[in-house]
S.K.: 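First, the structure itself, so that you have it in front of you.
Chain letters run A, B, ... following the sequence lines, proteins first, then strands; residues in each count from 1.
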Amino acid sequence: MDSKLRTWRLLPGDDRYATAMSKPTAAKDDAAARIRAAIRAIPAGEVAGYGEVARRAGLPGRARLVARILGQNEDPDLPWHRVLRSDGRIAFPEGSKGFREQGQRLRAEGVRVEAGRVRGQRAAATLDEQMWGVPMAPPAKAKPRRARTSPAKHSAAPSKAPARAKRPG
DNA sequence: AATTAGGCTTCGG
DNA sequence: TCCGAAGCCTAAT
């Protein structure tokens, strides 16, 4: 009864083959690995935003990828709880399992969490800020940073069809 | 192959 | 603080 079960493989010719082979698995694994590394690099008692983690991983603009990686993560040692939204709030829905756990994990490290928000450092925007605890100087405001998140469109309607506006915050 | 729904997002207004 | 729009990525149609 095992002769059939163990030997089939996905081969060229099978229509699923092209799909499987076209996936840039290596690149994705690499990105995921870097993201996890960036998260592990956040010291206990400190926090960082999704976007910041992405930046440190060399993936500017892929904040949501960070969220996705965390969602799939199975490594119990990964300090996922140190990753917050850019405004310093916990990303999970208030009252959810994850929300509570993240809050308690952070508090266990001495981080002040009030109403689902971290007080003190609003999810360090930069390495300097994380190391020094405070921005060295007012960031002026010039920050054309946002590669892929938020286009900073100051006017006019989209020339193309309105992209599906996702869930309201 | 193209499109859609959704999510641990983000920025600006 | 809340809301809308834009960009990212995956699984399901």
S.K.: Could you tell me how far apart A:Arg64 (CZ) and B:dT9 (P) are, to the nearest whole angstrom?
M.R.: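 Computing the A:Arg64:CZ to B:dT9:P distance gives 6 Å.
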
S.K.: May I have the distance from A:Ile90 (atom CD1) to B:dT10 (atom P), rounded to whole angstrom?
M.R.: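 About 14 Å, once rounded to whole Å.
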
S.K.: Please identify which of these residues, A:Gln102, A:Glu46, A:Glu109, meets the side-chain contact (heavy atoms from CB on, under 4.5 Å) condition with A:Arg82.
M.R.: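 Between A:Arg82 and the candidates, side-chain contact (heavy atoms from CB on, under 4.5 Å) is satisfied uniquely by A:Glu109.
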
S.K.: In whole angstroms, how far is the C1' atom of B:dT9 from the CD1 atom of A:Ile69?
M.R.: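 So the CD1-C1' distance, A:Ile69 to B:dT9, works out to 14 Å.
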
S.K.: What is the distance from CG of A:Leu65 to P of B:dT10, rounded to the nearest Å?
M.R.: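 Answer to the nearest Å: 13 Å.
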
S.K.: Would you mind classifying the nucleic acid contact of A:Arg117 as base, sugar-phosphate or nothing, using non-hydrogen atoms under 4.0 angstrom?
M.R.: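 The residue A:Arg117 makes sugar-phosphate contact but no base contact.
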
S.K.: Between atom CZ in A:Arg85 and atom C1' in C:dC8, what is the gap in whole Å?
M.R.: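 Rounded to whole Å, this separation is 16 Å.
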
S.K.: Report the distance from atom CD of A:Gln72 to atom C1' of C:dC8, rounded to the nearest whole Å.
M.R.: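 So the CD-C1' distance, A:Gln72 to C:dC8, works out to 13 Å.
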
S.K.: At 4.0 Å (heavy atoms only), tell me whether A:Gly51 reaches a base, stays on the sugar-phosphate, or touches nothing.
M.R.: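 Sugar-phosphate contact only.
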
S.K.: Hey, are the side chains of A:Arg89 and A:Leu84 touching, using non-hydrogen atoms and a 4.5 Å cut-off?
M.R.: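 They are not in side-chain contact.
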
S.K.: Using side-chain contact (heavy atoms from CB on, under 4.5 Å) as the criterion, point out the one residue from A:Ile42, A:Ile90, A:Leu106 that pairs with A:Val47.
M.R.: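 Answer after filtering A:Ile42, A:Ile90, A:Leu106: A:Leu106.
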
S.K.: Residues two or more places apart in sequence or in another chain: which of them pass side-chain contact (heavy atoms from CB on, under 4.5 Å) with A:Ala91?
M.R.: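 By the side-chain contact (heavy atoms from CB on, under 4.5 Å) rule, A:Ala91 matches A:Tyr50, A:Arg85.
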
S.K.: Which range-with-range stems can be found for DNA chain C when each stem has 3 or more Watson-Crick or G-U pairs in a row and both distances sit under 3.5 Å?
M.R.: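 When the pairs of DNA chain C are grouped into runs of at least three, the stems are B:2-7 with C:8-13, B:9-13 with C:2-6.
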
S.K.: Tell me which pairs pass side-chain hydrogen bond (donor to acceptor under 3.5 Å, both in side chains) where either residue lies in residues 91-101 of chain A, with sequence neighbours left out.
M.R.: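 Listed by first then second residue: A:Glu101-A:Arg105.
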
S.K.: To the nearest Å, how far apart are A:Leu59 CG and B:dT10 P?
M.R.: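 In whole Å, B:dT10 P lies 14 Å from A:Leu59 CG.
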
S.K.: Taking atom types as they are modelled, would you say the side chain of A:Arg68 forms a donor-acceptor pair with the base of C:dC9 within the 3.5 Å cutoff?
M.R.: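 Answer is yes: a donor-acceptor pair is held.
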
S.K.: For A:Gly88, does its backbone N or O pair with a side-chain atom of A:Arg117 as donor and acceptor, under 3.5 Å?
M.R.: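 No.
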
S.K.: Whole angstroms only, please: what is the CZ-P distance between A:Arg62 and C:dC8?
M.R.: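 Nearest whole value for this atom pair: 7 Å.
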
S.K.: Mark yes or no for whether A:Arg56, through its side chain, and A:Ala54, through its backbone, hold a donor-acceptor pair below 3.5 Å.
M.R.: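 Flag not set: sc A:Arg56 to bb A:Ala54 has no pair under 3.5 Å.
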
S.K.: Does A:Ser86 put a side-chain nitrogen or oxygen below 4.0 Å from OP1 or OP2 of B:dT10?
M.R.: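 Yes, because at least one side-chain N or O of A:Ser86 sits under 4.0 Å from OP1 or OP2 of B:dT10.
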
